[in-house]
Amino acid sequence: MSQTDLVIRNARVVRPGDPTTDAPVPVDIAVSGGRISAVGPNLPSTNAAREFDAEGLLAFPGVVDAHQHWGIYRDLAEDADSESRACAQGGVTTSLTYMRTGRYYLNRGGPYRDFVPIALEAMAGRSFVDYALHLAPMTAEHIDEIPSLVEEFGITSFKIFMFYGGHGLHGRSDDQAEFLMIGPGERYDLAHFEFVMRALARARARFGDRISLSLHCETAEIMAAYTEMVEREGVLTGLRAYSASRPPHSEGLAITMASYLAHETGLAGINLLHLTSAEAVDSALRMASAFPDVDFRREVTIGHLLADVDTAHGIGGKVNPPLRERADVEALWRHLLAGEIDWVVSDHACCRDEQKFGDDREDVFAARSGFGGAEYLLPGLIGEGRKRGLALSRIAQLTSWTPAQRYGLTTKGDIAVGFDADIALVDPDAQWTVRAGDSDSAQEYTPFEGFDMSARVTDVFLRGHHICRAGRVVGEPHGAYLRRYRA
C-alpha cells in the first residue's frame, strides 16, 4: 500500500462531544492502512492513491448501531448480506447483533461453543460493515461458558430477555421450554437472571469493566394479563391495541426488579435497552439514583423517536416493546435533550412481508414483532434532532462514540488520528421521502413509509473502503468480525 491510501477533502467533520464542531469548517481527512492518519486543512496529496471531494458535506463518525438482530427471521448468511447493505445506506459501519439459542436465529439449542462458530462462519465474507455479537445466556451451561466466550470469541456483552419467562416473542406461549429449547430442568426466570448477573460480576472482576449486561425490560405476568384483557374487550385495534397489551408500567416494573438484582449481585455494568415510555425512563432514572453503585446506560431506538401508534405505517410497526402514544415520543425527546439517554439504535430486525403478517393483515396480535430501520437511524436523528435543538456533536456521541466505548470498540467512534476510517458523509439539507423500495434491505415494507426526512447519508467509508456512493452500496463486502477482548 502507498503511504496514504485516501484523502477525503472538504469534509465538515463532526466530533463527539466537541461543541466547536457544531458549526464545522471544511477540512481534509487522510487515511492510511484503514485508519485515520491526519485531519486538517489542505493536507498534502503526496502518494495518495485516491482522493474524494466531500464538497462541504458533514462528516460523522460511522454509526455504531449497538442493537440489531441479524438472522432472527431469515437465513443468517442472507441477512449478513442484505441487512449490512441497509446499514451502509444509513451510515452504520458497525453492527452489534443480539443472538440467542432457541427458536429463530439458528433454530438450535445447546452450548454456545457450538453455536458461535456456526454463526461466525455464516457471516464471514458477506457483510458490508463490521460486526460483533451480544449473546443471551439461556441455560445454566451458558452461564458457565461466559469466561470462555470472552476469551475465545472476544464477546463481552450479554443479554436477558425478561419477558421470556412467560411470554413468547410475539405473544403468549404455551411452552416456553420448547420455544427457548431448554431442558426440562431449566427455568428462565428471575432466579436465572440473578445467576447470570452473579456470573457476569465475576467476569467483570476478571476481564474488566467492558463486560456488561443488557436487559429487555418487560414483565411477562403484566403483559399476559393485559393482552387477555385487551383482546377480550375488543375496543382497541392495531398498534394502539398492542401498546395497551404491553403497557408502559410493565417496562417500569421490570426495570425496577432488574436494577435491584444488579445492586444485589454487585454487577455494575447494566444497559437498559429500547426504553419506550415516560414510565420506563422515569423508572430508569429513579434506579440510577437509588443504586449509584451500578453504572446504568439508557438506550432508545430511532423508531420510538420518530413514530407513534398513529403515524407508523400500519401494523408493520409492531415491535417489542411497542410503539407508544405521541406523549411518550415527546417524553423520550425531552430526556434525550436533557442528556439522560446514552445512545440511539435501530433495533434492526428484518422481517419480510410473508413472515410479518398473518392471514388477517389487520390482526396485530397475529403479526410477528420487529422491523428494520438502520437506513433511517442517522438521517432521522439528524433531521428531527436539529429541529429540536440537538447539537451535531451530541448526535455523534449518541450514535457512535458512547456505544463504541461501552462495548469495547476502542478504534471506533471518532474522526481523529488512530481511529478506524469509518466515516458517513451527510447532506443536512436534503429533503426526501422514505420509500421501502429504495432500501437494500430484504424487507419489502417499512413503518416509516411516507415519512419526510431532512438529512441524507450520501457516502460511507469503512476503514477507508468506499462502501456507499451517492446513496448506493458499491464494491465487495469488507466487513470484519470484531473481537472486543484479547488476553
State, without any angle test, whether S283 and T256 hold a side-chain donor-acceptor pair at a distance under 3.5 Å. yes
Does a donor on one side chain and an acceptor on the other come within less than 3.5 Å for S277 and D328? no
Do D65 and S346 pair up side chain to side chain, a donor and an acceptor below 3.5 Å, judged on atom types alone? yes
Would you check, one step at a time, whether the test side-chain contact (heavy atoms from CB on, under 4.5 Å) holds for H216 with H274? CA-CA 7 Å; H216 181 134; H274 43 42; 3.1 Å; yes
If we count only N and O atoms by modelled type, under 3.5 Å, do the side chains of T276 and E251 hold a donor and an acceptor together? yes
Over all heavy atoms of both residues, which pair between F60 and V426 is shortest? Give the atoms and the distance, please. CD1-CG2, 3.9 Å
Pairwise distance CD1(I423) to CG(D420) - rounded to 0.5 angstrom: 10.0 Å
Give a yes or no answer on whether the side chain of Y112 reaches the backbone of A136 with a donor-acceptor pair at less than 3.5 Å. yes
Candidate pair D422 and K412, rule salt bridge (charged side-chain N to carboxylate O under 4.0 Å, His left out), full reasoning: CA-CA 7 Å; D422 298 350; K412 306 290 188 183; 2.7 Å; yes
Are any of the side-chain nitrogens in R113 or E145 under 4.0 Å away from the carboxylate oxygens of its partner? yes
Answer with yes or no after comparing the ring centroid distance for F193 and Y188 against a 6.0 Å cut-off, counting only values under it. yes
Under 3.5 Å, is there a donor on one side chain and an acceptor on the other for S82 and R74? yes
Using the rule side-chain contact (heavy atoms from CB on, under 4.5 Å), only one of D440, V129, T94 pairs with C87; which is it? V129
Going through the distances and angles, do R334 and E330 end up as a salt bridge (charged side-chain N to carboxylate O under 4.0 Å, His left out)? CA-CA 6 Å; R334 287 194 300 273; E330 296 303 321; 5.6 Å; no
One should read off an interatomic distance between Y98 OH and F158 CZ, to the nearest 0.5 angstrom, of 11.5 Å
Regarding R406 and D342, does a basic nitrogen lie under 4.0 Å from an acidic carboxylate oxygen? no
Flag the pair E325 and R240 as a salt bridge only when some basic side-chain nitrogen lies within less than 4.0 angstrom of an acidic carboxylate oxygen. yes
Going from CD1 on I72 to CG on L106, what distance comes out if it is rounded to the nearest 0.5 angstrom? 12.0 Å
side-chain hydrogen bond (donor to acceptor under 3.5 Å, both in side chains), paired with S95, selected from Q68, H348, E83: Q68
Ignoring hydrogens and angles, state whether a donor on the side chain of S212 or N271 is under 3.5 Å from an acceptor on the partner side chain. yes
Regarding R361 and the six-membered ring of F357, is the cationic atom NZ or CZ under 6.0 Å from the ring centre and inside 45° of its axis? yes
CG/L390 to CG/L305 distance, rounded to the nearest 0.5 angstrom? 9.5 Å
Do the rings of Y105 and H69 sit parallel, tilted or perpendicular, given the 30° and 60° boundaries? tilted
Looking at every non-hydrogen atom in both residues, tell me the closest pair between R100 and F115 and how far apart they are. O-CZ, 3.5 Å
Verify the distance criterion only: is there a donor paired with an acceptor across the side chains of E375 and S439 at less than 3.5 Å? yes
Quick check for you: to the nearest 0.5 Å, what is the distance between E231 atom CD and T227 atom OG1? 6.5 Å
One should read off an interatomic distance between L133 CG and Y481 OH, to the nearest 0.5 angstrom, of 5.0 Å
Are the aromatic rings of H313 and F448 close, with centres under 6.0 Å apart? no
Between Y407 and W343, does the ring centre distance come in under 6.0 Å? yes
Output yes when R483 and E152 qualify as a salt bridge under the 4.0 Å nitrogen-oxygen rule, no when they do not. no
Between the side chains of T156 and R210, is a donor N or O closer than 3.5 angstrom to an acceptor N or O? no
Test R352 against E78 for salt bridge (charged side-chain N to carboxylate O under 4.0 Å, His left out), laying out the working first. CA-CA 12 Å; R352 290 178 62 86; E78 293 179 358; over 6 Å; no
So, do Y226 and H249 have ring centers that fall under 6.0 Å from each other? yes
